[in-house]
Visitor: 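Below is one structure. I have some questions about it.
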Amino acid sequence: AAVVLVWLRRGVRDGFPVFFAALIPAAFWMYQGDLGPLLVLVGSTVLAQVLRQTVDWRWVLAVSLLVGAGFSVVLNSLLPPVMDALMVRLEPLLQNMGQSLTAPAELDAGQYKEVLPFALLVLMPPILQIASLLCLALGRSWQAALYNPGGLTVEFGALQLPRWLIVVLFAGLLLLPGAGGDPRSSDVGEVLFMLGILCAVPLIAQGLAIAHGLVSQGRIQPFWLVMLYAGLLFLPPLYPLLIVLAVVDVFFNLRGIGSDRASDHRNKED
């Protein structure tokens, strides 16, 4: 987020030294087997450059899909050996878990060894994609607090992805995960499954933008926005709700209905 702040305000020339300083601990973590900090650092910096050039969060979310796909390529190339070593270390624990499970529907130890690496390889790219967007938003909020207080809420609250893009993303979310059959049985199925999950991230961001827009219009209290973000940490069903909210907004313009009525009322009073 600190790299994003300098990059947005000062550009590549002043941002690169800060990026290089952050690269040192990220490289150390990579050497320890954790690629996450390095990938988020690179991803958030790329998105910061996009936001600096376009001043448009729609482009940021679109490019975040490419960033997430890039994360998947890197992780699928570098992470399997790490996962194999991790599974060897976890094997005694998995054996104990398998022996303690009595319900026939539960996974045995061998199935855990098959499912866990797949789940991590598929879920980590969108998680890192979200982390990159959050770092970008945090850095942008610092910039707004320093130079334009309240600007981020208005800016993000006005975000509106094109209708065709929301429809395509929603269709991809629904269709791609099952298009390749069992994702664990083929590379094509795994890629399609991962791409389907990546499609959910811009839709979730659009749902959050609607909530921010309603707050900036004064139609809901900021308290509920805080509760929404807190709930995202503990209530996974909120994510599908945000996706549905983004799709519904395409047809009903949730942020525009109340504002149009208020504008008409003010015009009548005038």
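If you read the sequence from its start, that first residue is 1, and numbering goes on from there. The analysis underlying the following values was restricted to heavy atoms, covering all of them including side chains, and did not include hydrogens, waters or symmetry mates.
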Visitor: Is F223 reachable from L233 through a run of I, L, V, M, F, W or Y residues, each pair having side-chain heavy atoms under 4.5 Å apart?
Guide: no
Visitor: Hey, quick one: are F252 and I166 part of the same hydrophobic cluster, counting side-chain heavy atoms closer than 4.5 Å, chains of contacts allowed?
Guide: yes
Visitor: I need the minimum non-hydrogen distance between A1 and L138, along with the two atoms involved.
Guide: CB-CD2, 3.7 Å
Visitor: State, with a plain yes or no, whether a side-chain heavy atom of L38 is found less than 4.5 Å away from one of W29.
Guide: no
Visitor: Can you measure from OG (S72) to CG (L39) and round to the nearest 0.5 angstrom?
Guide: 11.0 Å
Visitor: Closest heavy-atom contact between A137 and W57?
Guide: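 In terms of heavy atoms, the two residues are closest at CA-CH2, 4.1 Å.
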Visitor: Could you grab the distance from atom CG of L235 to atom CG of L228, nearest 0.5 Å is fine?
Guide: 10.0 Å
Visitor: Do I130 and L173 land in one hydrophobic cluster if side-chain heavy atoms of ILVMFWY residues count as linked below 4.5 Å?
Guide: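 Same hydrophobic cluster.
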Visitor: Could you point out which residue of V60, L47, L8, L5 forms a side-chain contact (heavy atoms from CB on, under 4.5 Å) with R140?
Guide: L8
Visitor: Is the OH atom of Y229 crowded by more than 12 outside heavy atoms at less than 6.0 Å?
Guide: yes
Visitor: Are the side chain of R163 and the backbone N or O of V250 linked by a donor-acceptor pair below 3.5 Å?
Guide: yes
Visitor: Can you tell me how far apart CG (L23) and CZ (F16) are? Round to the nearest 0.5 Å.
Guide: 7.5 Å
Visitor: Quick one: pull up CG in L136 and CD in Q49 and give me the separation to the nearest 0.5 Å.
Guide: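 The CD atom of Q49 is 11.5 Å from CG of L136, to the nearest 0.5 Å.
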Visitor: Write down the atom of G207, the atom of L245, and the distance for their closest heavy-atom approach.
Guide: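 Heavy-atom minimum between the residues: O-CD2, 3.8 Å.
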Visitor: Going only through I, L, V, M, F, W and Y residues with side-chain contacts under 4.5 Å, is there a path from V74 to V67?
Guide: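 Shared cluster, yes.
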Visitor: Which heavy atom in V40 sits nearest to a heavy atom in A131, and how many Å separate them?
Guide: CG2-CB, 3.8 Å
Visitor: Is the shortest side-chain heavy-atom distance between F71 and S132 below 4.5 Å?
Guide: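 Heavy-atom side-chain distance check passes, below 4.5 Å.
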Visitor: Which residue is it: V248, V247, D249? I am looking for the one with a side-chain contact (heavy atoms from CB on, under 4.5 Å) to F251.
Guide: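 Of the listed options, the one satisfying the test is V247.
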Visitor: Could you tell me the separation between the CD1 atom of I204 and the CG atom of L133, rounded to the nearest 0.5 Å?
Guide: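 I204 CD1 to L133 CG: 10.5 Å, rounded to 0.5 Å.
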Visitor: Which distance, rounded to the nearest 0.5 Å, do you find between the CG of L203 and the CD1 of I243?
Guide: 5.5 Å
Visitor: Of the non-hydrogen atoms in V6 and D14, which two are nearest, and what is the gap between them?
Guide: CG1-O, 3.5 Å
Visitor: Would you please name every residue forming a salt bridge (Lys or Arg N to Asp or Glu O under 4.0 Å) with R58, sequence neighbours left out?
Guide: D56
Visitor: Looking at every heavy atom in both Q206 and L161, which two are closest together, and how far apart are they?
Guide: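 Heavy atoms only, the tightest pair is OE1-N, 2.8 Å.
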Visitor: Should L61 and V201 count as side-chain neighbours, where that means a heavy-atom distance under 4.5 Å?
Guide: no
Visitor: Answer whether the closest heavy-atom distance between the side chains of R9 and Y147 falls below 4.5 Å.
Guide: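 A side-chain contact under 4.5 Å exists here.
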Visitor: Is there a continuous path of hydrophobic side-chain contacts, each under 4.5 Å between heavy atoms, that joins L225 to L241?
Guide: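 Hydrophobic grouping puts L225 with L241.
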